[in-house]
Structure formats: C-alpha cells, structure tokens
**Q** 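Take this structure, written in structure tokens, and hold onto it; I'll ask about it next.
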Amino acid sequence: MILLHSPSIYDFRKEVIMYGPVSDLIPSSPIFEMYPLGFLTIVSYLEERGYSVRVVNLALRMMSDTAFDVQKFISKLKPIAFGIDLHWLPHVHGSLEVARIVKEEHPDIPVIFGGLSSTYYHEELIQYPQVDYVLRGDSIEPPLYKLMQCIESGEPVNEIQNLTWKEDCLVKINQISFIPDSLDYVDIRPDLMIKMVAKHRELKGVLPFNGWWDNPITAIFTVKGCTHECLTCGSSKMACRFVTGRWRPAYRSPESLIKNMLEINSFSKGPIFLVGDIRQAGDSYAVRLLNLLKREKIENEIIFELFDVAPKGFLNEVDSSVVNWSLEISPESHDEEVRKIQDSTILYSNEELEKMIEHALSLNCHRFDIFFMIGLPKQTRQSVMDTISYCGHLLKKHDRRLSTFISPMGPFLDPGSKIFERPEEYGYKLFARTLEEHRQLLTRSSWKYVLNYETAWMSRDELVEATYDAAERLNQLKLEYGRIDKSTWTEVVERIKQARKLKKQLDNYENKIDYKQSANLVGEFWEFSISTICDKQELYWPSHPINFKPIGILKMLLKPK
Ligand code: B12
Ligand code: SF4
C-alpha cells in the first residue's frame, strides 16, 4: 500500500495565493505538509500482517524540490492500493487533485480515502470519480486490512466495517461499527519508519514536516475522542458522537505510551509531545503513567498538554517523576466570559491560571507555552488587543520560560463542531458548507477570502486586521521582555508590514485584475505567509548538537518485523 499526503493546495508552487499565518503556531508551513499520526498506526498494523506499506509525503517533496514531478513519480508506483488522507479539511484541494493524477496514471488501482474530513463528507467525497473507497471513523486499521485483502482477492467488500464505496454506480454505506474502546490494539513502530527510509532510500518522503531534522519533535497520541466541548472543535465530545460515532474517549494505556516513548528515546534526543491531557482518563491513569516515567527516567523533554488548570499536587507529581518537562495550555482568551462560551466544561479564572503558572515555574518546568486564539464567539477586535495586553502582563511577571502565542482560527471552522453545525446560534456566518465549496475557497487569492467564516463581532477583514495588529503588538512585547532578540523582532515587523501591503493589493485585485498572471509574486506570497505572526523557531525547544542516536537507529534497522 502507498499512503500519500498531499499539500493543502495543488500545485502551490505555481499558484499565487497569500496563505496567511494559518500555520504559524504549528510546525507545518501553510500548505500543511504534516501527515496524520494515523499513517504510523496504519503502517504498523498492515506491516505486522504482511503488507508492505510506504508513506510518501508528497507535500514535503514538492516543497523541497521545485522540479519534483508528481505525475511522473506517481506513474512509477504500482501498489495494491493507494491511500490518501483527507483528515484536515484544508487538504480538500490537494488530496482530490493527487487522487485525480493517481487515477489518470493507474485507472485500475483503487484509491482509498480516510481521516476526519473524509468521514464527515463521505457521501459527497465518494461521488468524485477518482475516489473508490472511504474508510470512516477515528480508527480504521482492522477494516483497512480487510479491505486490502478483498482488493487483492477480488472478494466482495460489503461486510467491511466503516466503509463507503461505489458499486455499479450506486453508493453503498456500511455503519461505523469499528469504534475501539482501547487504543492498545495497535502500536506505533518507529523502527518500521526507519526501515522504510532505508528501503526506498528516501528521507524527505517520510519526514513529518519541513525542518523536522533540525527540530525532531515527536507527537504521541494518548486518546481519541474528548470529554470537552470546545465550540469550535471538530473532535469535541459532541462532534465525535456525530462524526465518528464515538460516545466516549478511548485511551492508550500508560504501558503502551511508555513503550512508545522508550522506542523514541532509543534513537532520538528530541522532545516528545503527549497529545491530550493525561488527566482526562482519571487520576489513577495519570499516576500510573507518571510512575512509569519515574521508573524509566526518560531524558527527552516531555511536553504535557493541559486542558484546564492543574492542581499543585499534579504538578508536584510531574516534577518528581519526569526528568525534563514542559507544559502547554490554551486559555484561548484572557476574557473569562469568552473562554466560558468557547468551552462550557472549563471554568477557570485568570487568577487560578496564574497561580498554576507560578507554581509550575517554581518547580523544574522548563517551559510553559500559553496559546490564545482569534475568531472566538463574542470576541471583538478590542478584546483581541486586551488579550495581548494580558500576554504582556504574563511576560512581565515571569521569566523566559513562559511564552505566549496567538493565532487566527483558520483557514476553516471544523466541520462537525457546534459552531459549524449551528453557526447562526453562535453569531457566525459560514461562507462554505459542502466539500466542493471548501475546495473552491482554497483557490481564492488570499487567506481573507479563504476563511470559511466571519463572526457577528468581526468581519473577515477585521479578523485579518486584528491578527496583524495583535502580532505586531505581541512581537513588541516579546522584545521588551527579552523573549526575542532585535533581529527576530525586525524580521517579524518587516514580514507583517509586507503581508499588510500584499493584502491591500489583493483586495484591489480580487475582482478586477487577473492577479494569477503575476507569477513573479509566488515567492513573495509564500514568504509573507510564514513566520508573520511570530518566528517559527519560537515553537521549538533548543536542539542538541547531535539530535539522533546512531547506535539506536542501527539496532532498529536490524530489528525483525
Ligand atoms: C494532534 C493534533 C494535531 C497535531 C498534528 C498531529 C498529526 N500529525 O496528526 C498538530 C498540532 C500539528 C495539528 C495541526 C493541525 N490540526 Co490538528 N489535531 C490534533 C488532535 C488534537 C489529535 C489528532 C490525533 O492525534 N489523532 C490520533 C491519530 C492516531 O489518528 P489520526 O491521525 O486521526 O488517524 C486515524 C484516522 O483519522 C484515519 N486516517 C487518517 N488518515 C487516513 C488516511 C487513510 C488513507 C485512511 C484509510 C485513514 C486515515 O485512520 C487513522 C488511524 O486510525 C485533533 C483533535 C482530536 N482530539 O482528535 C486535532 C484536529 C485533527 N486538528 C485539526 C486542525 C484543523 C488542524 C490544523 C489544520 C490547524 C491549523 N490551522 O494549524 C493543523 C493541520 C496540520 C498539518 N497537516 O500540517 C482539526 C481537524 C478538523 C478538520 N476536519 O479539518 C481537529 C479535529 C481539531 C482541532 N481543531 O485542532 N493537529
Ligand atoms: S479543542 Fe477542546 S474539545 Fe477539541 S480536543 Fe482539545 S480540549 Fe477536546
């Protein structure tokens, strides 16, 4: 099987689009070159059952090599099936185009789609001639294995769980009935990824994002589903019930997490990010995990995500169990009212937040990242600027270990989220609903027109302006409180200035001039969509002189399947 990860927009190398700072707070660039973590569980599950699986990060290969010819590359591949992720909705343009190329080159090789957005839009997605199967749900490894067997043997697929497919031009839909209660049925096997690199002699196609080699952060998922109800989240408690049929979260056992962390530790010194708040599964789960961490003394930086304010006892426990640790939390707004609307299950005040920060920083916490967002219900432009003043307050009060970030919610509101499903009720206006409408939005000239929403409190124009205003002010505060040096400050200032200028140009052009003629602008647009609201480097932990352990890598290469 070959798993292909497409760029968000195909072919971004030729298009003249100002993507905007939609990816400044994640490792990816605006074309979202990071593939889903789920690729790794698919690889493990299928490889352990005899299939050879190759991951090709087409997005990263296209980014790294302007001459990389996707069509030619695809024409040489001959798998039993191609798998393409449409997990994040912003990939709707790229994934459908890559699928079209696959079909053009290999009309007889099936194309399987999967991921959260594929699940939400399965009925529309299957109508595209280049899509043969959609596997729905947040966990699909066993049904995918069965599908591969059926494709190989020619047997009918009508018994396969979670499957949507076409038969004699009719769309057939099986229920999502594979919804595991525990996630321990599959491991993540880094050794298989290392072997994949050796086998295909190709590193770029397997790397998760541009720059990973220098900042080798790895993410480990702890949970699928959530107990929280963030209005804007496509994987909240309610969204999961509606989209993937999951009624309660499923967790990976602490033992499975530790095994995975030890494997990562054996070849990499990079930080390990635990996706999901480990307290969600209950105190005993968190204690079990922390006890295992204490026993294993893993030296990699372990980053814990907090969904709400953690009590002192928990932080003390982390401190006494983990060698190197950091925290991150997303209060979203300084305004407690806005925060309460965004997630009614979270009720913490700024005072409680600050007490927790103080306590964590009095321990050995290496770094505490605080994330805020633009585009929330009841949030005005003034409220965004007040959030930035609050960032200033936090930066002033604490040492360099505390960082604050802000980003716009975008490019799209998540399908399945309460806000997407009932926009008017929450004061939102949607500019796209269907898959095709979103695909078309992605071809607009700038991120202002790509955004699929505006709110009763900020128009699309105001959302964009508020983003640049906030970024400018935060950049200034970071310089003032010693978080960045003068040259980083200057670069961000310059990029914001240019981004504003280009935005104005595009506003003038949008309906009049064929701006796509301006091929010479491609590079410029790209440049002013990366690190405009902060320097991407601020996201990373200091790297080691040598990030990897060659002996560990060698051992993994020699490890039997
Ligand atoms: C961790 C995480 C991230 C990590 C990335 C981790 C990664 N590489 O997967 C970071 C922080 C970088 C991130 C970034 C983004 N994220 Co995010 N992320 C999550 C989070 C919290 C958990 C996802 C997870 O770990 N899943 C577990 C893994 C193992 O499963 P999986 O990857 O989903 O794969 C399974 C299935 O989806 C499916 N599947 C996936 N791909 C394929 C392909 C095929 C062929 C098949 C058959 C099946 C299949 O099978 C897999 C195995 O069972 C979810 C929220 C949540 N609680 O779920 C949001 C979430 C998925 N992200 C979301 C969004 C919007 C984004 C961004 C676009 C935000 C932004 N503007 O920056 C970016 C896009 C990043 C990119 N591609 O470059 C939305 C998606 C909504 C939507 N429908 O589009 C979610 C639901 C919530 C949210 N708003 O954050 N994200
Ligand atoms: S954004 Fe909120 S609802 Fe979504 S996964 Fe995170 S905590 Fe859960």
Side-chain angles (χ1 to χ4, degrees), residues 1-5 7-8 20-43 45 59 81-92 95 111-121 133-144 147 162-163 178 180 183 186 188 208-210 217-240 243-244 246 249 252 273 275-277 280 305-308 330 332 342-343 345-346 373 407-418 420 438 539:
M1 167 164 229
I2 294 183
L3 294 170
L4 299 174
H5 179 65
S8 145
V22 287
S23 69
D24 267 1
L25 298 193
I26 55 164
S28 293
S29 72
I31 55 128
F32 295 122
E33 76 273 14
M34 191 186 272
Y35 54 77
L37 267 175
F39 268 18
L40 307 184
T41 54
I42 292 174
V43 169
Y45 197 89
F82 284 96
I84 299 180
D85 66 289
L86 172 52
H87 183 49
W88 297 282
L89 189 52
H91 286 95
V92 55
S95 62
V111 172
I112 307 167
F113 267 66
L116 216 49
S117 301
S118 301
T119 302
Y120 184 90
Y121 284 113
Y133 300 102
V134 183
L135 264 175
R136 285 134 51 222
D138 62 21
S139 313
I140 50 76
E141 296 81 0
L144 177 60
L147 180 59
N162 304 23
L163 188 68
F178 183 73
L183 302 178
V186 62
I188 286 192
F209 59 87
N210 191 30
I217 182 163
T218 44
I220 295 194
F221 69 102
T222 64
V223 60
K224 288 190 184 182
C226 193
T227 52
H228 288 267
E229 272 301 3
C230 301
L231 282 185
T232 54
C233 179
S235 193
S236 66
K237 190 168 155 187
M238 194 245 11
C240 285
V243 182
T244 56
R246 176 170 293 292
R252 275 177 84 184
F273 175 58
V275 178
D277 190 327
Q280 229 189 158
E305 190 180 11
L306 301 175
F307 287 172
D308 59 8
S330 304
E332 313 290 28
Q342 164 67 355
D343 182 1
T345 61
I346 298 178
M373 194 144 75
S407 73
M409 184 164 51
F412 297 150
L413 290 184
D414 293 2
S417 64
K418 282 188 178 167
F420 186 89
H438 282 95
L539 298 179

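Heavy-atom basis, side chains included; hydrogens, waters and symmetry copies ignored. In listed order, ligands and their atoms are each counted from 1.
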**Q** So, does Thr119 use its side chain to make a donor-acceptor pair with the main chain of Thr244 at under 3.5 Å?
**A** no
**Q** Taking 4.0 Å as the limit for heavy-atom contacts, which would you say applies to Val275 with ligand 1: side chain only, backbone only, both, or neither?
**A** side chain
**Q** Which residue supplies the protein heavy atom nearest to atom 46 (C) of ligand 1, what is that atom called, and how far is it?
**A** Gly114 CA, 3.4 Å
**Q** Would Phe209 count as a contact residue for ligand 1, given that I'm defining contact as a non-hydrogen atom of the residue lying under 4.0 Å from a ligand atom?
**A** no
**Q** Can you tell me if Gly276 has a non-hydrogen atom under 4.0 Å from ligand 1?
**A** no
**Q** Roughly how far, to the nearest 0.5 Å, is the OG1 atom of Thr218 from the CZ atom of Phe273?
**A** 11.0 Å
**Q** In terms of residue, atom name and distance, what is the protein heavy atom nearest to atom 33 (O) of ligand 1?
**A** His87 CE1, 3.1 Å
**Q** At a non-hydrogen distance cut-off of under 4.0 Å, which region of Ser28 contacts ligand 1 (side chain, backbone, both, or neither)?
**A** side chain
**Q** Go through ligand 1 atom by atom and flag the ones less than 4.0 Å from a non-hydrogen atom of Phe39.
**A** 43 (C)
**Q** Using distance alone, determine whether Asp414 and ligand 1 share an N or O pair under 3.5 Å.
**A** yes
**Q** Looking only at protein heavy atoms, which one is nearest to atom 50 (O) of ligand 1, and what is the separation?
**A** Ile140 CG1, 3.2 Å
**Q** Check whether any N or O atom of Phe113, backbone or side chain, sits under 3.5 Å from an N or O atom of ligand 1, and answer yes or no.
**A** no
**Q** With side-chain hydrogen bond (donor to acceptor under 3.5 Å, both in side chains) as the test, would you mind laying out the steps for Gln280 and Thr227 before giving the verdict?
**A** CA-CA 7 Å; Gln280 229 189 158; Thr227 52; 2.8 Å; yes
**Q** Ligand 1 versus Leu89, non-hydrogen atoms closer than 4.0 Å: side chain, backbone, both, neither?
**A** both
**Q** Enumerate the atoms of ligand 1 whose separation from the nearest heavy atom of Ile112 is less than 4.0 angstrom.
**A** 45 (C)
**Q** Just to be careful: counting only protein atoms that are N, O or S, how many fall under 2.8 Å of atom 2 (Fe) of ligand 2?
**A** 1
**Q** May I ask you to identify the nearest protein heavy atom to atom 27 (C) of ligand 1, giving residue, atom name and distance to one decimal place in Å?
**A** Lys224 CE, 3.8 Å
**Q** Give a yes/no on ligand 1: does Ser117 have at least one heavy atom closer than 4.0 angstrom to it?
**A** yes
**Q** Quick check: does Leu37 get an N/O under 3.5 Å from an N/O on ligand 1?
**A** yes
**Q** Classify the ring geometry between Tyr35 and Phe39 as parallel (under 30°), tilted (30 to 60°) or perpendicular (over 60°).
**A** parallel
**Q** Report the relative orientation of the aromatic rings in Tyr121 and His438; use parallel for angles under 30°, tilted for 30 to 60°, perpendicular for over 60°.
**A** tilted
**Q** Identify which of Gly234, Gly115, Gly38 has a heavy atom lying nearest to atom 38 (C) of ligand 1.
**A** Gly115
**Q** Specify the protein heavy atom at minimum distance from atom 55 (C) of ligand 1: its residue, its atom name, and the distance to 0.1 Å.
**A** Ser235 CB, 3.7 Å
**Q** Could you list the atoms of ligand 1 found under 4.0 angstrom from a heavy atom of Val22?
**A** 70 (C), 71 (N), 72 (O)
**Q** Are Phe412 and ligand 1 in contact, using a heavy-atom cut-off of under 4.0 Å?
**A** no
**Q** Just wondering, do Leu89 and Pro415 contact through their side chains at under 4.5 Å, heavy atoms?
**A** yes
**Q** May I ask you to identify the nearest protein heavy atom to atom 5 (C) of ligand 1, giving residue, atom name and distance to one decimal place in Å?
**A** Met34 SD, 3.7 Å
**Q** List ligand 1 atoms under 4.0 Å from Glu141, heavy atoms only on the residue side.
**A** 52 (C), 53 (O)
**Q** Side chains of Thr41 and Glu141: do they bring a donor and an acceptor to under 3.5 Å?
**A** yes
**Q** Considering heavy atoms of the protein only, find what lies nearest to atom 63 (C) of ligand 1 and give residue, atom and distance to 0.1 Å.
**A** Trp88 CD1, 3.4 Å
**Q** Which option out of Leu147, Leu4, Ile26 puts a heavy atom nearest to atom 14 (C) of ligand 1?
**A** Ile26
**Q** Which atoms of ligand 1 sit under 4.0 Å from any heavy atom of Leu116?
**A** 86 (C)
**Q** By number and element, which atoms of ligand 1 are closer than 4.0 Å to a non-hydrogen atom of Gly83?
**A** 45 (C)
**Q** With a heavy-atom distance limit of 4.0 Å, tell me whether Leu25 approaches ligand 1 through its side chain, its backbone, both, or neither.
**A** neither
**Q** Tell me whether His91 reaches ligand 1 (any heavy atom closer than 4.0 angstrom to a ligand atom).
**A** yes
**Q** Is it the side chain, the backbone, both or neither of Phe32 that has a heavy atom closer than 4.0 Å to ligand 1?
**A** both
**Q** Of the protein's non-hydrogen atoms, which lies at the shortest distance from atom 35 (C) of ligand 1, and what is that distance?
**A** Asp138 O, 3.6 Å
**Q** Does the protein come close to atom 1 (C) of ligand 1 - that is, does one of its heavy atoms sit below 4.0 Å from that atom?
**A** yes
**Q** Could you tell me whether ligand 1 has any atom less than 4.0 Å away from a heavy atom of Ser139?
**A** yes
**Q** When you look for heavy atoms under 4.0 Å from ligand 1, do you find them on the side chain of Asp85, its backbone, both, or neither?
**A** both
**Q** Under 4.0 Å, heavy atoms only, figure out whether ligand 1 is touched by the backbone of Ile84, its side chain, both or neither.
**A** backbone
**Q** Hey, is NZ on Lys237 packed in by over 12 heavy atoms from elsewhere, all under 6.0 Å?
**A** no
**Q** Counting both backbone and side chain atoms, is some N or O of Gly410 under 3.5 Å from an N or O of ligand 1?
**A** yes
**Q** Looking at Thr41, which atoms of ligand 1 are within less than 4.0 Å of one of its heavy atoms?
**A** 52 (C)
